[in-house]
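To start, the structure itself, in structure tokens.
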Amino acid sequence: MESVEQLLERLVTGVIRDRIGADAPAAVRPCGNPKFGDYQVNGILPIAKVEKKNPRALADLVAAAAAQPLAAIAEPPTVAGAGFINVKLKPGFVASRLPQALANPRLGVPAASPARTIVLDFSAPNVAKSMHVGHLRSTIIGDSIARTLRFLGHRVITDNHIGDWGTQFGFLVHGFKQEKLDLASATDPIAEMERVYRKYYGASEADPSIREAAKAELVKLHADDSENLALWKKLRDLSMPAFERVYQRLGARFDHTLGESFYHPRLPGVVAGLKGKGLAEDSEGAVCVFFRDVPALKDKPFLIQKSDGAFLYPTTDLATLQYRVETWQPGEIIYVTDSRQKLHFQQLFETARRWGHADLKLAHVTFGSVLGEDDKPIKTRSGEPIKLGQLLDEAERRAMEIVEAQNAELPAETKREIARVVGLGAVKYADLSQNRINDYVFSWPKMLAMQGNTAPYLQYAYVRIRSIFRKGSMEHGARSMEPGAVVLADPAELDLAKFILRFPEAIELATEDYRPNFICSYLYDLACKFSAFYEQCPVLKAGEPTRASRLMLCQLTAGVLRQGLDLLGIQTIEQM
RNA sequence: GCGCCCGUAGCUCAAUUGGAUAGAGCGUUGGCCUCCGGAGCCAAAGGCUGUGGGUUCAACUCCCGCCGGGCGCACCA
């Protein structure tokens with residue numbers, strides 16, 4: 001189903017081609033200011049510049065010629081400013097689109113064409129350590145991108161590239177051998193692993209022999225020593241359930257969890273391959289890729305093998321990329337990590353291009369740090385990273401306090417569910433509603449506020465709509481509606497109706513640069529417009545045909561809210 | 001030293017990728033409960049978009065220089 005914006009773009013671009021002979025887009029955008037109309041054509045000015053013509057005259061010509069093709073959709077277009085063409089939708093057209101959106105499984109959002117295969121790499125916690133706030137943004141943002149791309153019909157493969165082969169295992173293996181611990185009986189195996197790691201890593205700073213021992217154990221592990229391998233496997237397997245619990249709470253799903261260790265056998269081949277192609281060379285005993293022809297990277301080598309023969313993060317990432325291409329033939333791979341890794345991915349992508357993956361789209365989706373109220377990266381009072389599980393517990397606890405204060409009479413089970421959905425939604429929404437490239441300040445009161453651009457506000461708007469249907473004894477609204485039966489007489493009705501039809505635009509913006517905050521701001525505006533309508537227009541008490549028409553607006557609003565929140569990984573509830 | 005990112009209302013943030021008069025929330029001030037959930041709604045005040053140049057019909061957005069803040073840069077990941 002074509003969106004309103006796409007429809008206008010297609011028609012006006014056709015007029016520009018036929019009447020001016022210019023092969024240029026109409027560049028239709030929503031009007032910056034509603035007083036001008038609903039959509040504006042921005043494409044005339046650039047054309048006038050190229051053709052060296054008067055922009056106003058050109059705009060007059062196109063506007064006049066567009067009146068006929070747009071007759072069923074909009075009032076006759078008008079020209080304003082330097083050469084903008086303003087388009088105001090006819091209420092009758094808006095009314096006719098609503099039943100189509102209602103009947104459409106995607107609420108009017110066009111399916112991606114062509115659908116592509118996209119590998120999405122996000123979250124990536126380290127084995128033997130708890131997930132902490134550092135993994136929050138990657139997981140939440142990555143999951144939202146996955147949901148959105150899937151919604152559009154793409155084949156999305158989510159792959160959790162866990163850190164299960166790094167230097168931490170040297171200390172862990174050494175420590176566990178020293179202490180002869182039996183992890184199977186531990187109530188919190190990860191806490192044990194963290195304790196052992198901290199103890200031996202800490203001790204190594206004063207005692208180099210411990211560092212040497214740890215390094216030796218790591219070398220043995222990487223050489224497939226059976227005892228170390230068995231111990232490593234145990235540590236890894238005992239870490240997974242804790243990750244799983246967090247993902248289940250967050251609603252994040254991975255199709256694959258192929259960690260660093262999976263690629264271990266491929267690493268020598270990667271280095272040999274790159275050297276063979278002349279892309280990598282020996283330097284100071286190590287093997288590096290140099291980018292002498294890229295000014296920004298010319299003094300920044302990409303190390304793929306250490307002078308002691310060990311492989312590095314870049315080597316694994318290259319092997320991973322190669323495996324993904326061989327296995328899934330993706331058109332694109334997206335990595336969701338914090339912005340500090342920018343240089344690494346620049347180098348990785350540049351190497352991949354030279355390596356023969358020039359047609360593969362590679363995207364590094366970066367984000368800033370989570371800061372505490374003191375504007376420093378968030379930590380506990382003792383300086384430890386905040387554990388993700390504890391953070392989610394606190395979100396639910398704080399939401400529960402609010403539910404208790406507002407709706408103490410609800411059954412305990414219902415209150416728990418509300419607190420869970422609202423608490424987790426608040427954490428996610430606070431993160432996703434901001435431009436991901438900036439750092440963001442974590443604040444409980446702000447994310448749990450019931451007013452303003454927050455998850456609880458949106459969830460509340462949804463609840464109010466559902467309440468109307470309950471009150472009217474209609475659990476499910478109408479599934480279809482005759483286009484002629486829609487009445488949009490009140491300005492609040494028309495305003496809401498037009499905005500419902502703009503859901504596709506929000507999705508497109510959010511997808512273009514992997515920016516979920518565009519979905520958030522659309523949903524917030526939608527909720528605000530619904531509130532205005534709700535105050536202004538009685539639904540259940542209205543006479544027919546207005547009542548049925550307003551019920552449909554309610555139903556569509558609820559549908560878009562629920563779907564939009566779902567794309568953010570946020571649930572809705574029936575009451576709160 | 002080199003490179004990347006950020007600087008927008010008192011505070012926290014938007015701004016559809018170069019479009020018309022830069023928008024929200026919090027906070028402040030003032031209104032709205034015979035009415036579908038007031039966890040709500042409406043309104044007012046608040047800005048030289050860090051700064052100085054440049055490009056353009058048009059700049060928060062692009063280019064150059066400063067000033068502030070953050071991050072990264074050879075054997076961690």
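By convention in this document, chain letters (A, B, ...) are assigned in the order of the sequence lines, proteins followed by strands, and residues within each chain are numbered from 1.
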(message) Any donor-acceptor pair, under 3.5 Å, between the side chain of Thr316(A) and the base of rA77(B), if you only look at N and O atoms?
(response)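 Check fails, no donor-acceptor contact within cut-off.
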Suppose you measure atom [atom1] in [N] against the same atom in [M]; what distance do you get, rounded to whole Å?
| N | M | atom1 | answer |
| --- | --- | --- | --- |
| rG19(B) | rA59(B) | C1' | 10 Å |
| rC13(B) | rU49(B) | C1' | 14 Å |
| rG69(B) | rC33(B) | C1' | 48 Å |
| rA77(B) | rA20(B) | P | 49 Å |
| rC2(B) | rG65(B) | P | 11 Å |
| rG25(B) | rA45(B) | C1' | 16 Å |
| rC11(B) | rG27(B) | C1' | 8 Å |
| rG7(B) | rU12(B) | P | 13 Å |

If you look at every strand shown and take non-hydrogen atoms under 4.0 Å, does [X] touch a base, only sugar-phosphate, or nothing?
| X | value |
| --- | --- |
| Ser521(A) | nothing |
| Ser283(A) | base |
| Pro30(A) | base |
| Tyr524(A) | sugar-phosphate |
| Glu284(A) | base |
| Cys528(A) | nothing |
| Gln40(A) | base |
| Asn453(A) | nothing |
| Cys537(A) | base |
| Leu509(A) | base |
| Pro55(A) | nothing |
| Leu303(A) | base |
| Asn435(A) | sugar-phosphate |
| Ala449(A) | nothing |

[atom1] of [X] versus [atom2] of [N]: gap in Å, rounded?
| X | N | atom1 | atom2 | result |
| --- | --- | --- | --- | --- |
| Asp299(A) | rG72(B) | CG | P | 17 Å |
| Met450(A) | rG25(B) | CE | C1' | 15 Å |
| Gln168(A) | rC76(B) | CD | P | 14 Å |
| Leu343(A) | rC76(B) | CG | C1' | 14 Å |
| Ile47(A) | rC57(B) | CD1 | C1' | 15 Å |
| Tyr429(A) | rA14(B) | OH | C1' | 11 Å |
| Ile437(A) | rC5(B) | CD1 | P | 9 Å |
| Gln347(A) | rG3(B) | CD | P | 15 Å |

So if I take every side-chain heavy atom of [X] and compare against [options], which nucleotide ends up nearest?
| X | options | result |
| --- | --- | --- |
| Tyr534(A) | rA77(B), rG38(B), rA14(B) | rG38(B) |
| Ala80(A) | rG37(B), rA20(B), rA74(B) | rA20(B) |
| Lys49(A) | rC41(B), rA39(B), rU56(B) | rU56(B) |
| Lys446(A) | rG19(B), rG38(B), rU12(B) | rU12(B) |
| Pro301(A) | rG37(B), rA74(B), rG19(B) | rA74(B) |

Kindly state whether the ring of [X] and the ring of [Y] have centres lying under 6.0 angstrom apart.
| X | Y | result |
| --- | --- | --- |
| Tyr457(A) | Tyr460(A) | no |
| Tyr200(A) | His174(A) | yes |
| Phe367(A) | Tyr514(A) | no |

Given that both distances must come in under 3.5 Å, which nucleotide forms a Watson-Crick or G-U wobble pair with [N]?
| N | value |
| --- | --- |
| rC2(B) | rG72(B) |
| rC41(B) | rG31(B) |
| rG25(B) | rC11(B) |
| rG52(B) | rC64(B) |

(message) For the backbone of Met447(A) and the side chain of Thr454(A), can you confirm whether one donor and one acceptor N or O come within less than 3.5 Å of each other?
(response)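 Judged by distance alone, no pair lies under 3.5 Å.
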(request) Flag the pair Glu281(A) and Arg292(A) as a salt bridge only when some basic side-chain nitrogen lies within less than 4.0 angstrom of an acidic carboxylate oxygen. (result)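 A salt bridge links Glu281(A) with Arg292(A).
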(message) Is a donor from one side chain sitting under 3.5 angstrom from an acceptor on the other, for Thr366(A) and Ser339(A)?
(response)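 Result is no, nothing qualifies.
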(request) Verify the distance criterion only: is there a donor paired with an acceptor across the side chains of Ser531(A) and Arg464(A) at less than 3.5 Å? (result)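 Yes.
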[N] OP1/OP2 closer than 4.0 Å to side-chain N/O of [X]:
| X | N | answer |
| --- | --- | --- |
| Arg464(A) | rG38(B) | yes |
| Tyr457(A) | rC41(B) | yes |
| Asn407(A) | rG37(B) | no |
| Ser531(A) | rC41(B) | yes |
| Arg515(A) | rA15(B) | yes |
| Asn517(A) | rA15(B) | yes |
| Lys300(A) | rG3(B) | no |
| Lys342(A) | rC73(B) | no |

(request) Heavy atoms only: give me the nearest Pro125(A)-His135(A) pair and the separation to one decimal. (result)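 Minimum heavy-atom contact is CA-NE2, 3.5 Å.
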(request) Establish, for the pair Lys298(A) and Phe291(A), whether the NZ or CZ atom is under 6.0 angstrom from the six-membered ring centre and no further than 45 degrees off its axis. (result)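 Not flagged: Lys298(A) not positioned over aromatic ring of Phe291(A).
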(message) Return whichever of Gln346(A) or Gln341(A) has its heavy-atom-nearest nucleotide of RNA chain B closer to the 5' end.
(response)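 So the residue in question is Gln346(A).
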(message) Here's a test of your reading of the structure: between Tyr440(A) and Val28(A), which maps to the more 5' nucleotide of RNA chain B?
(response)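 First, find each residue's nearest nucleotide; the 5'-ward one identifies Tyr440(A).
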(message) With a sphere of 6.0 Å drawn around CZ of Arg562(A), does it hold more than 12 non-hydrogen atoms of other residues, nucleotides or ligands?
(response)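 Not buried by this count: 12 neighbours or fewer within 6.0 Å.
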(request) Could you check whether Phe84(A) and the base of rG19(B) form a stacked pair, meaning centres closer than 5.5 Å and planes differing by less than 30°? (result)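 Stacking is absent between rG19(B) and Phe84(A), given that the ring centres and planes do not meet under 5.5 Å and under 30°.
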(request) Quick one: classify the glycosidic conformation of rC33(B) as syn or anti, with syn meaning within 90° of 0. (result)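 What rC33(B) shows is a syn base, its glycosidic angle lying within 90° of 0.
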